[in-house]
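Every heavy atom of this structure was used, including side-chain atoms; hydrogens, water molecules and symmetry mates were not.
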Amino acid sequence: MTQQVLTILGSTGSIGESTLDVAARHPDKFRIFALAGHKQVNKLAAQCERFKPCFAVVADAEHAAALEQLLESADCQTEVLYGGQALIEVASASEVTGVMAAIVGAAGLPSALAAAKNGKTIYLANKETLVVSGALFMETARANGAKVLPVDSEHNAVYQVLPQDYSGRLNVHGIQSIILTASGGPFLDTDLSTFDHITPAQAVKHPNWSMGQKISVDSATMMNKGLELIEAHWLFNCPPDKLEVVIHPQSVIHSMVRYLDGSVLAQMGNPDMRTPIAYCLGLPERIESGVGALDFGKLSVLTFREPDLNRFPCLKLAYDAMHAGGGASCVLNAANEEAVAAFLAGKIRFTDIARIVAHCLEQGFSDGLNDIDSLLAQDAQTRAQARQGITALSR
């Protein structure tokens, strides 16, 4: 395995930290070219001191000045950049062979698209890239020889159990459906009558995974699984009616593929994102990830159930958007991001998240969004509609 030169977009988040943990275990295999950490300058400075990247990217000039001061005091020679254009530059630099796309939300789209345009290997952890711009992103990757490897645990599990020569056509390979597992989040058995009173602190306490606040809330509403359905649709060229969701609270089986002969192949492991990250980074080899072995002797039971769409209306909204096509999934994502941020800020109730998303979808959406400018315009329009709805609900 030749040494990979990596840019890690979102290095201070949970995916970025796990990526650096795996890379640090194999210094002969990976070199860090750039790290991007938005506004977490203290954490980013510590990462720069350890991994000595050529560049570090933050959100704006103010945070760039703060980071420069920290690096200067540590005698670290990393050059500091800031802004969206800088993210694009470190994702498309000629020296870079692989890009970990782990910026949360639609903000990660331009840099991931730049990596695709420049033929990089893209380790895709930013599901919104495909939710917002699935057709555009996958076509750009194909046209420029970029390789897209799924880092999300569910899609990575599917990728591992698909045939190695998978052509993007389920019937050719005898595949009946793709099954994404979901933990059900922290409110799987909570009394529905109490949902109006769920607090942000309760919503971010995921029972199995350690994740950021936004994705934790998405898990609690199951919007996260809805976004993953749309992502799987584009990653595996899978028709919506061939995608299933099953709730599996233990998060041991990460996803499955159902074959026409009755076989179901599953990928299993402890719930730790270093496993899918190591799988992608190491291809075609299997490399050590730091994750402990799955102890079957301690697995008392594995359970499964169908999702209740009354309990999880966001999952139904995602299904509806996927079936609608066009700009529906772009609207879904933008409205959800605004609603989740408002919930975390205490402006709306937990149950209002689905109401805001449904409201924005009802406003309609554009078809044929096949360029970045029109996608971002739809995104901005939806965010304005969502903010109006949030203001009305918070009065």
Side-chain angles (χ1 to χ4, degrees), residues 14 104-105 127-128 131 152 154 180-231 243-251 271 303-324 328-329 331-363 382-383 385-395:
S14 60
V104 175
K127 60 179 59 65
E128 291 83 2
V131 172
D152 263 357
E154 295 82 0
L180 301 184
T181 58
S183 70
F187 309 126
L188 180 59
D189 296 306
T190 301
D191 187 340
L192 277 172
S193 67
T194 68
F195 269 39
D196 279 345
H197 306 291
I198 286 171
T199 66
Q202 291 171 321
V204 300
K205 288 184 179 179
H206 194 281
N208 300 334
W209 298 92
S210 175
M211 306 181 292
Q213 287 193 321
K214 194 268 182 182
I215 193 172
S216 295
V217 174
D218 282 349
S219 179
T221 65
M222 279 194 74
M223 178 62 87
N224 190 49
K225 204 55 49 181
L227 299 178
E228 288 173 3
L229 283 169
I230 299 169
E231 187 180 5
L243 286 166
E244 304 178 47
V245 171
V246 63
I247 291 179
H248 169 51
Q250 295 80 23
S251 296
T303 62
F304 306 89
R305 67 173 99 166
E306 291 185 3
D308 177 357
L309 298 183
N310 291 317
R311 178 176 290 270
F312 301 114
C314 283
L315 181 60
K316 183 181 185 303
L317 290 170
Y319 263 116
D320 292 344
M322 180 168 56
H323 280 282
S329 59
V331 170
L332 179 89
N333 180 74
N336 180 65
E337 285 190 15
E338 292 293 325
V340 170
F343 167 67
L344 287 169
K347 295 179 180 178
I348 61 173
R349 296 173 298 182
F350 181 76
T351 49
D352 289 332
I353 295 172
R355 293 189 182 100
I356 293 295
V357 176
H359 166 74
C360 290
L361 285 169
E362 289 166 1
Q363 303 308 301
T382 300
R383 289 177 189 278
Q385 292 170 342
R387 287 192 288 269
Q388 289 175 355
I390 288 164
T391 300
L393 285 171
S394 58
R395 285 174 182 162

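Leu344 places a side-chain heavy atom less than 4.5 Å from the side chain of Val204. Side-chain contact between Val340 and Thr221 is absent, with no heavy atoms from C-beta onward closer than 4.5 Å. Between Asn336 and Lys214 the shortest side-chain heavy-atom distance falls below 4.5 Å. Arg349 is listed as a side-chain neighbour of Arg355, based on a closest heavy-atom distance under 4.5 Å. Using a 4.5 Å heavy-atom cutoff, the side chains of Glu231 and Glu154 are not in contact. The closest side-chain heavy-atom distance from Val245 to Phe312 is not below 4.5 Å. Within the 4.5 Å cutoff, no side-chain heavy atoms of Gln385 are placed close to those of Val331. Between Leu180 and Leu229, some side-chain heavy-atom pair lies under the 4.5 Å cut-off.
Scanning all heavy atoms of the two residues, the minimum distance from Ala220 to Ala203 falls at CB-O, 3.9 Å. For the pair Ser219 and Ser183, the tightest heavy-atom approach, listed with the atom from each and the gap, is OG-OG, 4.1 Å.
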Working for side chain to side chain contact (heavy atoms under 4.5 Å, CB included), residues Asp320 and Leu332: CA-CA 10 Å; Asp320 292 344; Leu332 179 89; over 6 Å; no
Residue pair Met223, Ile353: steps toward the side chain to side chain contact (heavy atoms under 4.5 Å, CB included) verdict: CA-CA 10 Å; Met223 178 62 87; Ile353 295 172; over 6 Å; no
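A distance of 11.5 Å separates SG in Cys360 from CG in Asn333, rounded to the nearest 0.5 Å. To the nearest 0.5 Å, atom CE of residue Met222 and atom NZ of residue Lys316 are 14.5 Å apart. Interatomic distance, Asp191 CG to His197 NE2, rounded to the nearest 0.5 Å: 10.5 Å. The OG1 atom of Thr199 sits 6.5 Å away from atom CZ of Phe343, with the distance rounded to the nearest 0.5 Å. To the nearest 0.5 Å, atom CD1 of residue Ile356 and atom CG of residue Leu393 are 4.5 Å apart. With values rounded to the nearest 0.5 angstrom, Ile390 atom CD1 is found 6.0 Å from Glu338 atom CD.
A side-chain donor-acceptor contact under 3.5 Å links Lys127 and Asn224.
Using cut-offs of 30° and 60° on the angle between ring planes, the pair Phe195 and Phe350 is perpendicular.
Judged purely by atom type and a 3.5 angstrom limit, Arg305 has no side-chain atom pairing as donor or acceptor with the backbone of Pro249. Put simply, the side chain of Lys347 never gets that close to the backbone of Thr391: no donor and acceptor are under 3.5 Å apart. Using a distance-only test at 3.5 Å, with no hydrogens or angles considered, a donor-acceptor pair links the side chain of Ser329 to the main chain of Val131. Side-chain N or O atoms of Arg311 include one that pairs as donor or acceptor with a backbone N or O of Phe187 at under 3.5 Å. With hydrogens and angles disregarded, a donor-acceptor distance shorter than 3.5 Å links the side chain of Gln250 to the backbone of Thr303.
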